[in-house]
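Here is the structure we will look at, set down as structure tokens.
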Amino acid sequence: MGIVSWIILGLLAGAAAKLLLPGRDPGGPIITTLIGIAGAFVGGWISARWLDRPIANHFYDGATWAAAIGGSLVLLVIYRILFGNSRSR
């Protein structure tokens, strides 16, 4: 998969992570989208590096989607822990 495919996957994974973890995010929808893109890259890297599950070269692989959504969830949780409810300050 190319970089554009990973970005599209990240956008969709970020939306899925937001659906699985609802609530107000400190940065709003733009930051959540960027977290989704970064989560796709992080999830793919973790999957290939430590889980010994290389990411497939096609867009419709279930393991690729699971890694991207999982990475997005992890980054979203970390972001919420670090920055909390910064909108009320």
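This is a predicted model, so every value here is computed, not measured.
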request  = Enumerate the residue pairs fulfilling salt bridge (charged side-chain N to carboxylate O under 4.0 Å, His left out) with a member in residues 29-39, sequence neighbours excluded, ordered by first and then second residue.
outcome  = none
note = d(Leu12 CG, Thr33 OG1) to nearest 0.5 Å is 10.5 Å
ask   = What distance do Ile37 atom CD1 and Ile8 atom CD1 have between them, rounded to the nearest 0.5 Å?
value = 10.0 Å
query = Do Ile69 and Leu20 come close enough that some side-chain heavy atom pair is under 4.5 Å?
reply = yes
request  = Measure the CZ-CG distance between Arg80 and Leu75 for me, rounded to the nearest 0.5 Å.
outcome  = 12.5 Å
inquiry  = Once side-chain contact (heavy atoms from CB on, under 4.5 Å) is applied, do any residues pair with Val77, and if so which ones, sequence neighbours excluded?
reply    = Leu21, Ile81
Within 6.0 Å of CG in Leu82, more than 12 heavy atoms from elsewhere = yes
task = Check Ser72 against Ala13 and note the closest heavy-atom contact, atom names and distance.
result = OG-CB, 3.7 Å
ask   = With the 4.5 Å side-chain cut-off for hydrophobic clustering, are Phe41 and Val4 part of the same group?
value = yes
Tyr79 side, atom OH; Leu34 side, atom CG - distance, nearest 0.5 Å = 9.5 Å
key: Pairs where residues 3-19 contributes a residue and the test salt bridge (charged side-chain N to carboxylate O under 4.0 Å, His left out) is met, not counting sequence neighbours   = Lys18-Asp25
